[in-house]
Amino acid sequence: MVTNTVVLDTQEQQLEDGATPAGGERTVVNSWNEWDRLRHVIVGVATKGCIPVSEPAIEYHFPAEGGIAGLSGQWPRELIDRANHELDNLAAVMRKRGIRVDRPIPIDFDQPVVTPDFNHPSQIGCMPARDVLLTVGNEILEATMSYRARWFEYLAYRPLLQRYFDADPNMVWSAAPKPRLSSASYKKGYFEEINIADYDRIIARANSLDFVTTEAEPLFDAADATRCGKDIFVQHGFTTNRKGVDWLRRHFPDHRIHRVNFHNDPDPVHIDCSLVPLREGLVLANPNRPLVMDSHEQRYFERNGWEVVLAARPAHTRQMPLCYYSVWLSMNFLTVDPKTVIVEETEVYQNEQLDRLGFEVIPIPFRNAYPFGGSIHCATADVYREGKRQDYFPKQ
Ligand code: ARG
């Protein structure tokens, strides 16, 4: 393994790059899976990111020692700079490999989200591009999102989407119906009725598929979907409800959309720490969170000759301070071609496992970016990967 820290462009240059494409290169939107060779990608930025504030969809429990509990507004400058340093480095590492990288243009996230149905004091940011944009073939779909704080997040990506739309005559640009996110969309008192320390009850409730969102309207975050050609696996949980999966099923009639759950996950949010396809025929599964699919789909991967490998344990026992995701961000790496992965450098067990599985492992520092929305997979969204749509699961 070689450490990759390359000379950084300044943040300003990165944003400029986001605004004006590298001269002459033809923009094409095309990406059918999580592993074909990546040629064009969006990497999020931490600039203008805000400390998340609790809302009906989520209770944030920041430890008192982090000094952030009860605070709101923009993250301290120093934390933003540290995160941007690592995000810029990720962009530079990919550019060095010939991958075109665009960056979103942050909006002023430190302002309330006001709709006829709700008023929420601030927004979050545009670091986790994966959460908002779902690329399926030549289409980029803006997700409904399910947190009030994230209602306007798509605006940070609009300059890019507009550009792809102008440049690629075949690009399909779509947006799922904007949700109301009124009190009808959330179960009242969901986070108050069980003590945060009562882990067993939290797990039992999640295992019974009793999640915070109701079925009042379709809701999904893009990061709840993972793509394997004709098959798209969508996690039903806190951020995606059954109607959201159903909406995706009707929107992509030529795909097989699978609604999946993972047992024993106290916080079922986004699939990319639970089920991670590595290449054709190989998928990484979270050993603590058994995959549950509809009964007629039991052993779907195995039946189709796929090997399901249990992920190595995370290198950290405690999460990065101020990060609201679990230590399983260890699994949240980015596959840039069927033989190469970009990983967080301190995740030594995961990285050794990928090495043993035959991947070239490119380690980069990324933990300072975690509080802004996750790890390397979260921070990116596909624009172009080589390859066409294939059926990797012919045995139904
Ligand atoms: N629920 C995951 C975990 O903590 C975090 C997933 C983050 N993914 C993302 N795309 N933001 O295990």
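For ligands, and for the atoms within them, numbers begin at 1 and follow the listed sequence.
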Flag the pair [X] and [Y] as a salt bridge only when some basic side-chain nitrogen lies within less than 4.0 angstrom of an acidic carboxylate oxygen.
{"X": "Asp246", "Y": "Lys243", "value": "no"}
{"X": "Asp210", "Y": "Lys187", "value": "yes"}
{"X": "Asp272", "Y": "Arg130", "value": "no"}
{"X": "Glu193", "Y": "Arg205", "value": "yes"}
{"X": "Asp36", "Y": "Arg279", "value": "no"}
{"X": "Asp337", "Y": "Arg385", "value": "no"}

Pull out every atom of ligand 1 sitting under 4.0 Å from any heavy atom of [X], numbered as shown with elements.
{"X": "Ala223", "result": "10 (N)"}
{"X": "Gly373", "result": "11 (N)"}
{"X": "Cys273", "result": "2 (C), 3 (C), 5 (C), 6 (C), 12 (O)"}

Exercise. side-chain contact (heavy atoms from CB on, under 4.5 Å) with Leu291: which residues, sequence neighbours excluded?
Worked result: Val260, Phe262, Leu275, Met293, Phe301
Exercise. Out of Asp131, Val269, Asn286, Asp267, whose heavy atom is nearest to atom 2 (C) of ligand 1?
Worked result: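 Ranked by closest heavy atom to atom 2 (C) of ligand 1, first place is Val269.
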Exercise. Evaluating non-hydrogen atoms only, which member of Asp272, Asn288, Val327 is closest to atom 8 (N) of ligand 1?
Worked result: Asp272
Exercise. Do any heavy atoms of Arg289 fall under 4.0 Å from ligand 1?
Worked result: yes
Which protein heavy atom lies closest to [atom], and at what distance to 0.1 Å?
{"atom": "atom 5 (C) of ligand 1", "value": "Tyr325 CD2, 3.4 Å"}
{"atom": "atom 7 (C) of ligand 1", "value": "Cys378 SG, 3.5 Å"}
{"atom": "atom 4 (O) of ligand 1", "value": "Ser326 N, 2.7 Å"}

For this session: Examine His270 against ligand 1 and note whether any of their N/O atoms are separated by less than 3.5 Å.
Result: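 There is such a contact, yes.
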